[in-house]
Amino acid sequence: MPKIIPNKTPIAVKRVFSTYIWDFYVKNEKKLYLTFDDGPIPEVTEFILEKLDQYNAKATFFCIGDNIKKHPAIFHKILSDGHTIGNHTKNHIKAWKNSLEVYLKNVIDCQNLMLEHTTPSNPNIQQIFRPPYGQISKSKFKALQKLGYKIILWDVLSKDWIHSISPEKCLQNVIKNAQQGSIIVFHDSKKASKNLSVVLPEVLDFFTKKGFTFEAIKF
């Protein structure tokens with residue numbers, strides 16, 4: 001992955017790394033897939049859930065295990081509202097700076113924390129994984145695949161976590177680049193809240209008026 005990550009993932013990158021899931025494009029289906037990384041976080045995640053409910057929108061939350069442990073009530077709220085949950089490691093660790101053994105344990109620890117707070121048969125707990133920072137190696141991918149995970153990356157980055165980006169620029173990152181089947185990345189984190197609080201309602205309103213629906217990732 002390049003250090004300067006584009007707002008929209010180039011087709012060439014998707015083709016080279018075709019074992020990862022970048023979008024769910026289906027011709028004539030006006031569906032978008034909002035995803036939120038790093039939560040659950042008080043106030044921020046709750047704001048997201050409120051806005052999604054207003055537009056009857058479903059989304060996918062890639063949760064950090066430690067945050068599930070700290071904020072179980074918000075985690076339960078995500079599930080009860082009908083959204084899906086994916087794994088984002090227990091401690092938001094980097095694939096390139098940790099051994100395979102350490103990395104897999106962190107993923108499994110996160111999954112165990114999810115299951116501690118729901119039933120193993122809950123269909124909204126999906127066997128999907130988004131690597132923190134988008135970092136993943138071939139060996140770690142193969143190991144996660146053996147455990148049954150599908151690796152979900154993205155088609156569009158809002159870049160909501162970057163403080164130097166204005167809400168207006170963040171909004172344009174999404175509006176100009178999202179199309180049928182796009183997986184869009186936001187963050188339910190304090191760092192992203194400045195942009196998210198402005199941009200998420202605008203995105204929901206803009207695409208709803210254009211006839212799109214917002215779907216959770218499910219397999």
Side-chain angles (χ1 to χ4, degrees), residues 1-26 31 33-40 59-69 75 78-79 83-157 159 161 181-189 215-219:
M1 292 285 183
K3 288 186 178 180
I4 300 175
I5 305 175
N7 301 327
K8 186 173 179 68
T9 304
I11 292 174
V13 172
K14 293 180 182 181
R15 287 175 178 167
V16 171
F17 299 100
S18 59
T19 49
Y20 308 140
I21 296 171
W22 301 92
D23 60 53
F24 293 104
Y25 175 78
V26 177
K31 296 179 179 180
Y33 297 82
L34 297 178
T35 64
F36 299 90
D37 293 1
D38 299 351
T60 302
F61 291 77
F62 287 93
C63 294
I64 293 173
D66 271 352
N67 286 336
I68 295 171
K69 187 175 181 179
F75 179 74
I78 295 170
L79 289 170
H83 307 292
T84 55
I85 300 289
N87 191 315
H88 202 46
T89 74
K90 182 185 177 184
N91 305 108
H92 205 262
I93 65 172
K94 293 182 177 181
W96 299 342
K97 290 192 175 181
N98 289 276
S99 69
L100 177 60
E101 182 182 7
V102 168
Y103 197 76
L104 288 182
K105 184 179 185 304
N106 212 266
V107 173
I108 292 167
D109 285 349
C110 180
Q111 199 73 18
N112 287 337
L113 281 163
M114 291 180 191
L115 296 177
E116 280 179 25
H117 293 91
T118 186
T119 60
S121 60
N122 191 319
N124 290 340
I125 300 290
Q126 293 281 299
Q127 198 78 355
I128 56 178
F129 178 74
R130 174 170 286 157
Y133 311 100
Q135 292 182 5
I136 193 72
S137 65
K138 186 179 290 186
S139 63
K140 291 180 175 69
F141 166 70
K142 288 183 176 179
L144 289 166
Q145 193 176 42
K146 284 182 180 178
L147 291 174
Y149 287 97
K150 291 180 173 62
I151 309 302
I152 309 295
L153 292 177
W154 56 79
D155 182 45
V156 177
L157 276 178
K159 297 189 176 177
W161 76 94
S182 286
I183 298 173
I184 303 166
V185 178
F186 286 104
H187 294 77
D188 47 339
S189 66
E215 308 289 337
I217 297 172
K218 287 187 177 182
F219 291 95

*Is there a donor-acceptor pair closer than 3.5 Å between any side-chain N or O of T60 and the backbone N or O of T35?*
no

*Can you tell me if Q111 uses its side chain to pair, donor with acceptor, with the backbone of N87 under 3.5 Å?*
no

*Name all residues meeting the side chain to side chain contact (heavy atoms under 4.5 Å, CB included) criterion together with N122; count only those two or more places apart in sequence or in a different chain, and write none if there are none.*
L79, T118, T119, N124, I125

_Derivation of the side-chain contact (heavy atoms from CB on, under 4.5 Å) call for I108 and L147_ = CA-CA 9 Å; I108 292 167; L147 291 174; 4.3 Å; yes

*asked:* I'd like to check the ring-ring contact (aromatic ring centres under 6.0 Å, His included) partners of Y33; sequence neighbours left out, ordered by chain and number.
replied: F24

*4.5 Å side-chain heavy-atom contact, P131 and Y103*: yes

_Any non-hydrogen side-chain atom of I151 less than 4.5 Å from a side-chain atom of T19?_
no

*Check whether any side-chain heavy atom of H88 lies under 4.5 Å from a side-chain heavy atom of P132, and answer yes or no.*
yes

*With rounding to the nearest 0.5 Å, note down the distance linking CG in N7 to CH2 in W154.*
12.0 Å

*Is a side-chain donor or acceptor of D38 paired with a backbone partner of S189 at a separation under 3.5 angstrom?*
no

*Those residues that, when tested against H83, pass ring-ring contact (aromatic ring centres under 6.0 Å, His included) (two or more places apart)*: F61

_Applying salt bridge (charged side-chain N to carboxylate O under 4.0 Å, His left out) as the test, list every pair that has at least one member in residues 10-20; sequence neighbours left out._
K14-D23, K14-D155

*Decide yes or no for P40 and C63: does some side-chain heavy atom of the first lie under 4.5 Å from some side-chain heavy atom of the second?*
yes

*A216 and A59: which non-hydrogen atoms are nearest, and at how many Å?*
CB-O, 3.4 Å

*Tell me, with the steps shown, if I5 and L157 meet side-chain contact (heavy atoms from CB on, under 4.5 Å).*
CA-CA 9 Å; I5 305 175; L157 276 178; 3.3 Å; yes

*By salt bridge (charged side-chain N to carboxylate O under 4.0 Å, His left out) - contacts of K31 (at least two apart)*: E29

*Where at least one partner belongs to residues 104-130, residue pairs that pass salt bridge (charged side-chain N to carboxylate O under 4.0 Å, His left out), sequence neighbours excluded*: D37-R130, K105-D109

Return all side-chain donor-acceptor pairs below 3.5 angstrom for residues 136-144, not counting sequence neighbours, or 'none' if the list is empty.
from	atom 1	to	atom 2	distance (Å)
S137	OG	S139	OG	3.3
S137	OG	K140	N	3.3
K140	NZ	A95	O	3.1
K140	NZ	N98	O	3.0

_Tell me every residue that passes ring-ring contact (aromatic ring centres under 6.0 Å, His included) with F75, counting only those two or more places apart in sequence or in another chain._
none

*Taking it one step at a time, do F219 and Q126 satisfy side-chain contact (heavy atoms from CB on, under 4.5 Å)?*
CA-CA 7 Å; F219 291 95; Q126 293 281 299; 3.9 Å; yes

*Backbone N or O of L113 within a donor-acceptor pair of the H117 side chain at under 3.5 Å?*
yes

_If the condition is side chain to side chain contact (heavy atoms under 4.5 Å, CB included), which residues does D66 pass it with, not counting sequence neighbours?_
I64, K90, N91

*For the pair W22 (side chain) and F17 (backbone), establish whether a donor and an acceptor sit closer than 3.5 Å, ignoring hydrogens and angles.*
yes

_According to side chain to side chain contact (heavy atoms under 4.5 Å, CB included), who are the partners of S99, at least two apart in sequence or on a separate chain?_
E101, V102

*How long is the span from the NZ atom in K218 to the CD1 atom in I128, to the nearest 0.5 Å?*
11.0 Å

*Hey, is the main chain of I217 close enough, under 3.5 Å, to the side chain of T84 for a donor-acceptor pair?*
yes

*Residues which pass ring-ring contact (aromatic ring centres under 6.0 Å, His included) with Y149, listed by chain and number, not counting sequence neighbours*: none

*Those residues that, when tested against H187, pass side chain to side chain donor-acceptor pair (under 3.5 Å) (two or more places apart)*: D160

